[in-house]
Amino acid sequence: MCAIHQPNLLPRLSTVAKILAADVWVVLDDVQFARRDFQHRARLGSFADGGRARWLTVPTHLPDGRATLIREARVVDAALSQRRVEGVLREQYRASPTWLQLAQRLQAVLALFERTDRMAVIAEASTRLLLDLLGWQGRVVRSSALAAGAGRTRRLVDLCRAVGADSYLCGTGGAKYVEHQPFTDAGIDLRPFSVPTTGVWADARTFSAVHSVMVHGAEPVRRSVEARRQAEGAVVEGSVG
């Protein structure tokens, strides 16, 4: 089962859950960078009652302007961005009992600012941090290393084929434009994917998954995500039968 998604900075739980439900995540790094999307920013809630939500943004330079691909976007000021990421996360969540657990894992991501200025690499690492925290053991492949045709749906089908997937998890955003027939012709099962809207999932489409982990704890979120993954697996198994 395959999930295909751009590298996001500390992505939302809805995105993380989709990857966790898959066997392989194709990091879509060879499409156009979108400043108003989540490739270089994350929306954070607050652990404190009444605390304000805020955006965590890494200033990013696009060498080719609007035509810049995600993998070519560059961090503007690595040292400042490194301090900002750590500082904003600490300010929002240091009161959480889970903060130290996150802070330890965050060090590997912060260290990347000293070794690369590629925003996609840092965003991918921040996603891997959350995937590891929630126990995912799947495979990660970058789309730029795979051959794929033009056109939104054709590209997705070709990427699924390239990694040997027979099922594709399609989120609510992709469902608005993905054509079903090319998947059917390729023998790939197109699986709609969505998440609940209560409990751990209440802010799944609003805030970074970090927020859910800080508020509810890593283990409760892990159990909820695992239950969602097993439910998805049961649906797929039932459809095959």
Note: R222-E226 ion pair, threshold 4.0 Å (strictly below): no
Treating Y93 as the side-chain partner and V213 as the backbone partner, does any N or O pair qualify as donor plus acceptor under 3.5 Å? no
Restricting to non-hydrogen atoms, name the atom on G45 and the atom on Q92 that form the minimum distance, rounded to 0.1 Å. O-NE2, 2.8 Å
Please answer whether the main-chain N or O of A78 pairs with a side-chain N or O of S81 as donor and acceptor at a distance below 3.5 Å. no
What one should report as the nearest heavy-atom pair of L28 and S143 is CA-OG, 3.4 Å
Between T153 and E179 (side chain of the first, backbone of the second, donor and acceptor by atom type, cut-off under 3.5 Å), is there such a pair? yes
Kindly indicate whether the side chain of S167, heavy atoms from C-beta on, has any atom under 4.5 Å from the side chain of C2. no
Using a 4.5 Å cut-off on heavy atoms from C-beta on, say whether the side chain of R84 contacts that of V58. no
Can you tell me how far CD of Q181 sits from OG1 of T184, rounded to the nearest 0.5 angstrom? 5.0 Å
Check: D166 side chain, I188 main-chain N or O, donor-acceptor pair, under 3.5 Å: no
Is there side-chain contact between R115 and V121, with heavy atoms separated by less than 4.5 Å? no
Mind checking whether V16 and L131 have side chains closer than 4.5 Å, heavy atoms only? yes
Minimum heavy-atom separation for S224 to W201, with atom names? O-CZ2, 3.6 Å
Min side-chain heavy-atom separation L129-L102 under 4.5 Å: yes
Residues two or more places apart in sequence or in another chain: which of them pass side chain to side chain contact (heavy atoms under 4.5 Å, CB included) with F207? R43, A53, D203, H211
N-O pairing of D132 and R128 below 4.0 Å: no
Note: R161 and A186 closest approach over all heavy atoms is NH2-CB, 3.6 Å
Could you check T15 against H5 for side chain to side chain contact (heavy atoms under 4.5 Å, CB included), going step by step and ending with a plain yes or no? CA-CA 8 Å; T15 299; H5 206 281; 3.8 Å; yes
Closest non-hydrogen contact found for L44 with S208 is CD2-CB, 3.8 Å
Side chain T57, main chain R41, donor-acceptor under 3.5 Å: no
Supply the atom-to-atom distance C160 SG to L169 CG, rounded to the nearest 0.5 angstrom. 9.0 Å
Which is it for M119 and H61 under the side chain to side chain contact (heavy atoms under 4.5 Å, CB included) test, yes or no, and what are the steps along the way? CA-CA 9 Å; M119 187 64 235; H61 170 61; over 6 Å; no
Checking the side chain of T127 only, and the main-chain atoms of A123 only, is there a donor and an acceptor separated by less than 3.5 Å? yes
Using the rule that Ile, Leu, Val, Met, Phe, Trp and Tyr join whenever any side-chain heavy atoms are under 4.5 Å apart, tell me whether F47 and V200 fall into a single cluster. yes
Taking C-beta and beyond as the side chain, do V210 and R12 meet within less than 4.5 Å on heavy atoms? no
Using the rule that Ile, Leu, Val, Met, Phe, Trp and Tyr join whenever any side-chain heavy atoms are under 4.5 Å apart, tell me whether W25 and V157 fall into a single cluster. no
For R74, which of D117, T116, T60, T68 qualifies under side chain to side chain donor-acceptor pair (under 3.5 Å)? D117
Minimum heavy-atom separation for P220 and G217, please, with both atom names. CD-O, 3.3 Å
Do the non-hydrogen side-chain atoms of Q6 and N8 ever get within less than 4.5 Å of each other? yes
Hey, mind stepping through L134 and V221 against side chain to side chain contact (heavy atoms under 4.5 Å, CB included) and telling me if it holds? CA-CA 8 Å; L134 296 173; V221 173; 3.8 Å; yes
According to a 4.5 Å side-chain heavy-atom criterion applied to Ile, Leu, Val, Met, Phe, Trp and Tyr, with indirect links allowed, do F33 and I122 form part of one hydrophobic cluster? no
Rounded to the nearest 0.5 Å, how far apart are CG of L159 and CZ of R142? 14.5 Å
Neighbour count >12 (heavy atoms, 6.0 Å) for atom CD, Q137: no
Does R71 offer a backbone N or O that forms a donor-acceptor pair with the side chain of D29 under 3.5 Å? no
Show your working on side chain to side chain contact (heavy atoms under 4.5 Å, CB included) between V24 and V140 and close with a plain yes or no. CA-CA 6 Å; V24 57; V140 179; over 6 Å; no
Looking at OG of S144 and CG of L69, how far apart are the two atoms once the value is rounded to the nearest 0.5 Å? 9.5 Å
Distance-only donor-acceptor check, side chains S46 and R54, under 3.5 Å: no
Under 3.5 Å, side chain of Q104 to main-chain N/O of W99, donor-acceptor pair present? no
Within 45° cone of F193 ring axis and under 6.0 Å: R228 NZ or CZ: yes
Point-to-point distance, once rounded to the nearest 0.5 Å, from CD1 of I70 to CD of Q32: 9.0 Å
Determine, using the 4.5 Å side-chain heavy-atom cutoff (strictly less than), whether V225 and L10 are members of one ILVMFWY cluster. yes
Starting from I4, can I reach V27 by hopping between I/L/V/M/F/W/Y residues whose side chains sit under 4.5 Å apart? no
Spell out, as yes or no, whether a donor-acceptor pair under 3.5 Å connects the side chain of H40 to the backbone of R35. yes
Of all pairs that satisfy ring pair (Phe, Tyr, Trp, His ring centres under 6.0 Å), the ones with a partner from residues 114-168, not counting sequence neighbours: Y168-F183
Between R105 and L133, is any pair of side-chain heavy atoms under 4.5 Å apart? yes
Donor-acceptor check, side chain of Q39 to backbone of A34, threshold 3.5 angstrom: yes or no? yes
